[in-house]
Amino acid sequence: MSVGDEPTPQTRKLLLLMAAGATDRTIARELGVSERTICRRIARLELKLGVRTRFQLGVLAASRDWL
């Protein structure tokens, strides 16, 4: 599946913060957006990559060298 221009710099930072174990609140604060926006971005990535969980998202992102 093609994922276009991913990972963007914002996506990469989001994934790195997730990999570090940061909470959605912490990620939102670091990226200067709301928690809801973080949840939407994660859901969008899951849909684009065809995964169902954040764990699967992390594994796939790592296998694609996005981290």
Side-chain angles (χ1 to χ4, degrees):
M1 164 180 262
S2 174
V3 290
D5 59 352
E6 294 292 355
T8 64
Q10 284 279 49
T11 298
R12 189 176 298 271
K13 188 165 185 177
L14 167 67
L15 291 168
L16 288 170
L17 288 165
M18 288 175 66
T23 64
D24 287 356
R25 178 176 290 169
T26 300
I27 296 169
R29 188 172 44 242
E30 284 288 322
L31 299 181
V33 297
S34 72
E35 285 183 64
R36 184 174 173 117
T37 297
I38 293 303
C39 290
R40 286 186 191 135
R41 287 183 183 176
I42 292 169
R44 179 184 57 84
L45 281 171
E46 290 172 344
L47 183 63
K48 271 186 156 183
L49 295 175
V51 299
R52 294 183 188 171
T53 67
R54 289 179 181 212
F55 181 80
Q56 289 174 314
L57 175 61
V59 169
L60 191 55
S63 73
R64 291 176 179 229
D65 293 322
W66 287 10
L67 300 176

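Bear in mind that the values here come from a model prediction, so they are computed numbers and not experimental data. Computed from heavy atoms alone, side chains included, the values below leave out hydrogens, waters and symmetry copies.
Hydrophobic clustering (side-chain heavy atoms under 4.5 Å, transitive across Ile, Leu, Val, Met, Phe, Trp, Tyr) groups L60 together with L67.
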Side-chain donor-acceptor pairs under 3.5 Å in residues 9-19, sequence neighbours left out?
{"residue": "T11", "atom": "OG1", "partner": "E6", "partner atom": "OE1", "Å": "2.8"}
{"residue": "T11", "atom": "OG1", "partner": "T8", "partner atom": "OG1", "Å": "2.9"}
{"residue": "R12", "atom": "NH1", "partner": "W66", "partner atom": "O", "Å": "2.9"}

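When all heavy atoms of E46 and T53 are compared, the pair lying nearest together is OE2-C, 3.4 Å.
I38 contributes atom CD1, which lies 11.0 Å from atom CZ of R40 (distance to the nearest 0.5 angstrom). Expressed to the nearest 0.5 Å, how far CZ of R29 lies from CZ of R25 amounts to 7.5 Å.
Every pair passing salt bridge (charged side-chain N to carboxylate O under 4.0 Å, His left out) that includes a residue from residues 51-63 is listed here, sequence neighbours excluded: D24-R54.
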